[in-house]
Q: 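After the structure tokens below, expect a handful of questions from me.
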Amino acid sequence: MSGGFFRGTSADQDTRFSNKQAKLMKSQKFAPELDHLVDTRKVKMDVIKPWIANRVTELLGFEDEVLINFIYGLLDGKEVNGKEVQI
């Protein structure tokens, strides 16, 4: 390949590498309650975390630590966007 140029498409032009989360945010309809960001500094996480663990175990029928820790990770930021959590 001579000439010092690249052929083909860049990652920005290739649809396989598009931002899937942004596409889902535009295509889905969300409840109006999810329009507001949640300030997690005002939430008592020591109360919420056991409830999350119990609820996930109740819904799945078994304890899944990977899923529970994933949910905890989603809620670790200062502000949580409910739409991103739902996706």
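In this text the structure is predicted, and so the values were computed from the model without any measurement.
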Q: To the closest 0.5 Å, what do you measure between CG (Leu67) and CD1 (Ile52)?
A: 10.0 Å
Q: Are Val43 and Trp51 connected in a single hydrophobic cluster, I mean Ile/Leu/Val/Met/Phe/Trp/Tyr linked by side-chain heavy atoms less than 4.5 Å apart?
A: yes
Q: Check for me, please, whether Val80 and Ile48 land in the same ILVMFWY cluster - side-chain distances under 4.5 Å, paths through other members count.
A: yes
Q: According to a hydrophobic-cluster definition based on side-chain heavy atoms being under 4.5 Å apart (Ile, Leu, Val, Met, Phe, Trp, Tyr only), do Met45 and Phe70 belong together?
A: yes
Q: Name the residue from Ile68, Asn69, Leu75 that meets the side-chain contact (heavy atoms from CB on, under 4.5 Å) definition with Ile71.
A: Leu75
Q: Working to the nearest 0.5 angstrom, can you tell me the gap between Leu34 CG and Glu84 CD?
A: 11.0 Å
Q: Please check if atom CD in Glu79 has more than 12 non-hydrogen atoms from other residues, nucleotides or ligands closer than 6.0 Å.
A: yes
Q: Do Val85 and Ile87 share a hydrophobic cluster (ILVMFWY, side-chain heavy atoms under 4.5 Å, transitive)?
A: no
Q: Is a salt bridge present between Asp46 and Lys44, judged by a nitrogen-to-oxygen distance below 4.0 Å?
A: no
Q: To the nearest 0.5 Å, tell me how far Lys83 NZ sits from Leu37 CG.
A: 9.5 Å
Q: I need the minimum non-hydrogen distance between Pro50 and Tyr72, along with the two atoms involved.
A: N-OH, 4.4 Å
